[in-house]
S.K.: 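Shown below is the structure under consideration.
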Amino acid sequence: MAAIITFAEHRDGKLRRPSLEAVSEARRLAGAGGRVESVLVGAGADFAGLAQELARYGADAVHVFDKPELAHYATEPFARAIAQVLTDQKAQALLVPFTAMGKDLAPRVAAKLGAGLVSDCVSLVVKDGRLEARRPLYAGKALATVRFESEPQIATLRPNVFALAAPDAARTAEVVARTVDASSRAKVVEVKATASGKIELSEAQIIVSGGRGLKGPENFHLVESLAQALGAAVGASRAVVDAGWVDHQYQVGQTGKTVSPSLYVAAGISGAIQHLAGMSSSKVIVAINKDADAPIFKVANYGLLGDVFDILPKLTEAAKAHLASKQ
Amino acid sequence: LAMGADSAVHLKDAGFDGLDPLGTARVLAAAIKGLGADLVLTGQQGVGGDNSQVPGLLAELLDLPQVTMAVKVEVGDGQARVEREIEGAREVWETSLPAVISAQKGLNEPRYASLKGIMAAKKKPIEVKDAAALGLDAAALAPRATVASLELPAARQAVRMIEGDADTQVRELLRLLHEEAKVI
């Protein structure tokens, strides 16, 4: 394969984990002898340091666009920057994390280059010199194998699914300073943090999620307490978001967030297909429900048939004790 | 039309079967280009593919700015203020118009079509256009990626139901999560 480019998203001076997953996967696809190059866009971060971190995970070169006007994400200049690198390097493929930024950015690059874009990939292989992707369809009811028909090939990667490479401290990358027209007709004017201090859902390794089985918003604290005890993020089903118990940012599912934590605890959630679409790639799923026929038990690894009002407080206390004893 | 649109254009052609997102965006762009739109509103994603691609593809093809995953929109004179959900925060954007804005769940409550609206819809114009009318040929619509096969997702192993009273279940669950699953 010719060069594979990855887009590296960063926030607060650090590379976001899905960016490392993308460069790791690019290296795996390229093989030891193939070429992997990453793109960093922003203002004033320690780009040299970030570039070397990308190198440790597999990048041969990192193209850095560092300009004050690029301090906030903006679709048009970021897309221009990536398209410039793809074209200059005559790259064959581009991997972008399927985050909020990636969802906004990748299609713009694809249309600029008339390229195929496959969204939300959960696995990639090289077949006959081209990428072949696997990705969920129909709210996760099916898994599609998708073949690219042209170059370049753009894939957005579902976060928390692709393995990180073992970082190689001896690897270095060439840093290429680049510039791009930073003008943009749409601009970020304010950022309102909504989950200050709380663990963000799409990055959490453990999630405790609550549904209608909690009966009312006054009981949702049982879910929050367990999450706190486990150092977990809080999630919710669409039903309780629609009922106004919690904000939409906590919703897990097809019209909410897709998560792939190591552990997902579903309390009082029946397991509608649209909810499963958002969490079925979790590594381990625990379901707590009093309905033996609840569909959630079909995807769970461990099931507790019982009353959430009885089980959640006990589980919270036991989790606190368990984690304390591990200190 | 019953929910309040004044007119509709139906883009209908056998060649539109099996379009990939870029093909869909090309069809839409060809239809929208001549309309003099001040604002193009789309959904964020379709429930089959969940691609989240058409809004951005369309904006690039129309050479318009975009704000995607909008949960709040305020339109002013030649500009719009849009709130967008990202991980752990809301970004507030300002964009010049015309622009493409895609709706995320929570933007508003869809209105019900009233009986009056349903009756009025029957009289509203629907124009039908095919690929030729839009100046699109097969090459422009050829998919850049195709589904080679579909399969059921790998079956997860059957659930292990943990028996006993709540205290027993809790104790056993934590043991399994620690020793067997090794996730805590």
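These numbers come from the heavy atoms of this one structure, side chains and all, not from hydrogens, waters or symmetry mates. Each chain gets a letter, A, B and so on, in the order the sequences are listed, and its residues count up from 1. Computed from a prediction, not measured in an experiment: that's the story for all the values here.
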S.K.: Between A:R17 and A:E203, is there a side-chain heavy-atom distance shorter than 4.5 Å?
M.R.: no

S.K.: Check each atom of B:M69 against the heavy atoms of chain A and say whether the ones under 4.5 Å are side chain, backbone, both or neither.
M.R.: side chain

S.K.: To the nearest 0.5 Å, what is the distance between CG on B:L115 and CD1 on B:I118?
M.R.: 6.0 Å

S.K.: With a 4.5 angstrom heavy-atom cut-off, is it the side chain or the backbone of B:E172 that approaches chain A, or both, or neither?
M.R.: neither

S.K.: Give me the contact list for residues 2-28 of chain B versus chain A, heavy atoms only, anything under 4.5 Å, ordered by residue number.
M.R.: B:L22, B:R26

S.K.: Is any side-chain heavy atom of A:K103 less than 4.5 Å from a side-chain heavy atom of A:T99?
M.R.: no

S.K.: By a 4.5 Å heavy-atom criterion (distance strictly below it), what part of A:A79 contacts chain B: side chain, backbone, both, or neither?
M.R.: neither

S.K.: Under 4.5 Å from any heavy atom of chain B, what part of A:I206 do you find: side chain, backbone, both or neither?
M.R.: side chain

S.K.: Can you tell me how far OG of A:S123 sits from CG of A:L143, rounded to the nearest 0.5 angstrom?
M.R.: 7.0 Å

S.K.: Is it true that, when you exclude B:Q157 itself, more than 12 heavy atoms of the residues, nucleotides or ligands shown sit nearer than 6.0 Å to its CD?
M.R.: no

S.K.: Measure from the side-chain N and O atoms of B:T95 to the backbone N and O of B:A80, and report whether any donor-acceptor pair falls under 3.5 Å.
M.R.: no

S.K.: Heavy-atom pairs under 4.5 Å with chain A: which of B:E85, B:Q79, B:K105 has the most?
M.R.: B:K105

S.K.: Rounded at 0.5 Å granularity, tell me how far CG in A:L226 sits from CG in A:L315.
M.R.: 5.0 Å

S.K.: Does any heavy atom of chain B fall under 4.5 Å from the side chain of A:S280, the backbone, both, or neither of them?
M.R.: backbone

S.K.: Go through the atoms of A:S150 and report whether side chain, backbone, both or neither lie under 4.5 Å from a heavy atom of chain B.
M.R.: both

S.K.: Side chains of A:I311 and B:V170: does their closest heavy-atom pair fall under 4.5 Å?
M.R.: yes

S.K.: side-chain contact (heavy atoms from CB on, under 4.5 Å) for B:K33 and B:L134? Distances and angles first, verdict last.
M.R.: CA-CA 10 Å; B:K33 238 182 187 101; B:L134 296 170; over 6 Å; no

S.K.: Measure distances from A:Q254 to the heavy atoms of chain B and classify the residue's part below 4.5 Å as side chain, backbone, both or neither.
M.R.: both

S.K.: Go through the atoms of B:Q45 and report whether side chain, backbone, both or neither lie under 4.5 Å from a heavy atom of chain A.
M.R.: side chain

S.K.: With chain B, which of A:L263, A:V241, A:L230, A:I288 has the greatest number of heavy-atom pairs at distances under 4.5 Å?
M.R.: A:L263

S.K.: How about B:P65 and B:S96: do any of their side-chain heavy atoms sit closer than 4.5 Å?
M.R.: yes

S.K.: So which part of B:L64 gets closer than 4.5 Å to some heavy atom of chain A, the side chain, the backbone, both or neither?
M.R.: backbone

S.K.: Less than 4.5 Å apart, side chain to side chain, heavy atoms only: is that true for A:Y264 and A:V284?
M.R.: no

S.K.: If we define contacts as heavy-atom pairs under 4.5 Å, which of A:D247, A:D307, A:D120, A:L304 has the most with chain B?
M.R.: A:L304

S.K.: Taking everything shown except A:K127 itself, do over 12 heavy atoms lie less than 6.0 Å from its NZ?
M.R.: no

S.K.: Please report the C-alpha distance between A:Q205 and A:S262 in whole Å, then the side-chain angles of each, then the deciding distance to 0.1 Å, and finally whether the side chain to side chain donor-acceptor pair (under 3.5 Å) criterion is met.
M.R.: CA-CA 5 Å; A:Q205 287 308 312; A:S262 305; 3.0 Å; yes

S.K.: Side chains of A:Y302 and B:E180: does their closest heavy-atom pair fall under 4.5 Å?
M.R.: yes

S.K.: Identify which part of A:R135 has an atom lying under 4.5 Å from any heavy atom of chain B, answering side chain, backbone, both or neither.
M.R.: side chain

S.K.: Which answer fits B:R160, side chain, backbone, both or neither, if we ask what part of it has an atom under 4.5 Å from a heavy atom of chain A?
M.R.: both

S.K.: Heavy-atom pairs under 4.5 Å with chain B - which of A:V146, A:L131, A:L201 has more of them than the others?
M.R.: A:V146

S.K.: State whether the number of non-hydrogen atoms from other residues, nucleotides or ligands found under 6.0 Å of A:R16 atom CZ is greater than 12.
M.R.: yes

S.K.: Who wins among A:K257, A:K314, A:Q274 for the most heavy-atom pairs under 4.5 Å with chain B?
M.R.: A:K314

S.K.: How many angstroms lie between atom CG of A:D242 and atom NE2 of A:H248, to the nearest 0.5 angstrom?
M.R.: 8.5 Å

S.K.: Counting only heavy atoms closer than 4.5 Å, note whether A:K141 contacts chain B via side chain, backbone, both or neither.
M.R.: backbone

S.K.: Considering only heavy atoms, give the residues of residues 104-113 of chain A separated from chain B by less than 4.5 Å, sorted numerically, with 'none' for an empty result.
M.R.: A:D104, A:P107, A:R108, A:A110, A:A111, A:K112

S.K.: Quick check against the 3.5 Å criterion: does A:S119 have a side-chain atom that pairs as donor or acceptor with the backbone of B:N51?
M.R.: yes

S.K.: Under 4.5 Å heavy-atom distance to chain B, tell me which part of A:Y73 shows up: side chain, backbone, both or neither.
M.R.: both

S.K.: Checking B:L150 against chain A: side chain, backbone, both or neither under 4.5 Å from a heavy atom?
M.R.: both

S.K.: Does any heavy atom of chain A fall under 4.5 Å from the side chain of B:P55, the backbone, both, or neither of them?
M.R.: neither

S.K.: What option among A:Q251, A:H72, A:E76 has the most heavy-atom pairs under 4.5 Å with chain B?
M.R.: A:Q251

S.K.: Within the structure provided, determine whether A:R158 and A:C121 are in side-chain contact (heavy-atom separation under 4.5 Å).
M.R.: no

S.K.: If I measure from the heavy atoms of chain A, does B:A148 come under 4.5 Å with its side chain, its backbone, both, or neither?
M.R.: both

S.K.: As an exercise: rank A:A292, A:G114, A:P261 by heavy-atom pairs under 4.5 Å with chain B and give me the winner.
M.R.: A:G114

S.K.: Let's go through A:E9 and A:V96 carefully: what are the C-alpha distance in whole Å and the side-chain angles of both, what is the deciding distance for side-chain contact (heavy atoms from CB on, under 4.5 Å) to 0.1 Å, and is it a yes or a no?
M.R.: CA-CA 9 Å; A:E9 186 181 334; A:V96 178; over 6 Å; no

S.K.: Among B:V71, B:V147, B:V82, B:L152, single out the residue with the greatest number of heavy-atom pairs under 4.5 Å to chain A.
M.R.: B:V147

S.K.: If you apply the rule side chain to side chain donor-acceptor pair (under 3.5 Å), what do you find for A:S202 with A:E200, and how did you get there?
M.R.: CA-CA 6 Å; A:S202 59; A:E200 213 286 311; 2.5 Å; yes

S.K.: Go through the atoms of B:E163 and report whether side chain, backbone, both or neither lie under 4.5 Å from a heavy atom of chain A.
M.R.: neither

S.K.: Does B:Q66 reach the side chain of B:E60, with side-chain heavy atoms less than 4.5 Å apart?
M.R.: no

S.K.: Side chain, backbone, both or neither: which part of B:R81 has an atom under 4.5 Å from a heavy atom of chain A?
M.R.: side chain

S.K.: Within this structure, what is the CH2-CZ distance for the pair B:W93 and A:R185, rounded to the nearest 0.5 Å?
M.R.: 12.0 Å

S.K.: Looking at CZ of A:R134 and OG1 of A:T145, how far apart are the two atoms once the value is rounded to the nearest 0.5 Å?
M.R.: 5.0 Å

S.K.: Based on non-hydrogen pairs under 4.5 Å, which of B:I86, B:D167, B:L61 is most in contact with chain A?
M.R.: B:D167

